[in-house]
Amino acid sequence: TELEDYEGAMEMALRLERQLDNAALPKTHTVYANLYFDMDSLAKAKQYADFAFFLDPNNLDASRLRDQIDAALASEAGL
């Protein structure tokens, strides 16, 4: 989403979700979390990141992204 083509990125995420066709894989949820994080939709990003982490607590992408989102939320709250 470097060019801020969020609509295009969302379409790609939806294609990935359809191709993987497995809600138990954390990858799709991590992609959505990253997309919403980039869109500054932190609450929605956190939901996806938390679920990806729940599916696989050893997934480094989900874990790191979750930490980034938590830090952004804390900063937003002035903590």
Side-chain angles (χ1 to χ4, degrees):
T1 58
E2 284 183 26
L3 300 177
E4 295 187 4
D5 179 13
Y6 298 122
E7 187 174 314
M10 186 63 76
E11 288 175 18
M12 289 178 68
L14 289 168
R15 277 197 301 263
L16 174 66
E17 183 178 5
R18 283 192 297 269
Q19 286 176 345
L20 293 177
D21 194 30
N22 185 346
L25 294 174
K27 182 63 177 174
T28 305
H29 304 287
T30 303
V31 168
Y32 281 122
N34 194 58
L35 178 58
Y36 284 113
F37 180 73
D38 287 346
M39 293 170 60
D40 205 30
S41 296
L42 298 179
K44 197 152 193 143
K46 180 154 177 59
Q47 289 176 336
Y48 279 102
D50 284 346
F51 192 64
F53 186 78
F54 168 78
L55 291 172
D56 182 3
N58 296 316
N59 184 297
L60 291 178
D61 291 332
S63 177
R64 289 179 183 146
L65 184 56
R66 196 170 83 138
D67 290 346
Q68 284 182 298
I69 294 166
D70 287 343
L73 286 168
S75 176
E76 194 176 77
L79 301 175

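- If you take CZ on R66 and OG1 on T30, they are separated by 11.0 Å, rounding to the nearest 0.5 Å.
- A heavy-atom distance below 4.5 Å is not found between the side chains of L16 and M12.
- For the atom pair CG (L65) and CG (D50), the distance works out to 10.0 Å, reported to the nearest 0.5 Å.
- Counting heavy atoms from C-beta outward, S63 and F53 have side chains that approach closer than 4.5 Å.
- The two atoms that bring P26 and A52 nearest to each other are CB-O, 3.6 Å, heavy atoms only.
- Minimum heavy-atom separation, F37 to A72: CE1-CB, 4.0 Å.
- For L42 against I69, the heavy-atom pair with the smallest separation is O-CG2, 3.8 Å.
- Within the 4.5 Å cutoff, the side chain of D61 has heavy atoms near those of the K27 side chain.
- Atoms CG and OH, from N34 and Y48 in turn, are 13.5 Å apart once rounded to the nearest 0.5 Å.
- Ring pair F51/H29 is perpendicular by interplanar angle, where above 60° counts as perpendicular and below 30° as parallel.
- When all heavy atoms of A24 and L55 are compared, the pair lying nearest together is O-CD1, 3.7 Å.
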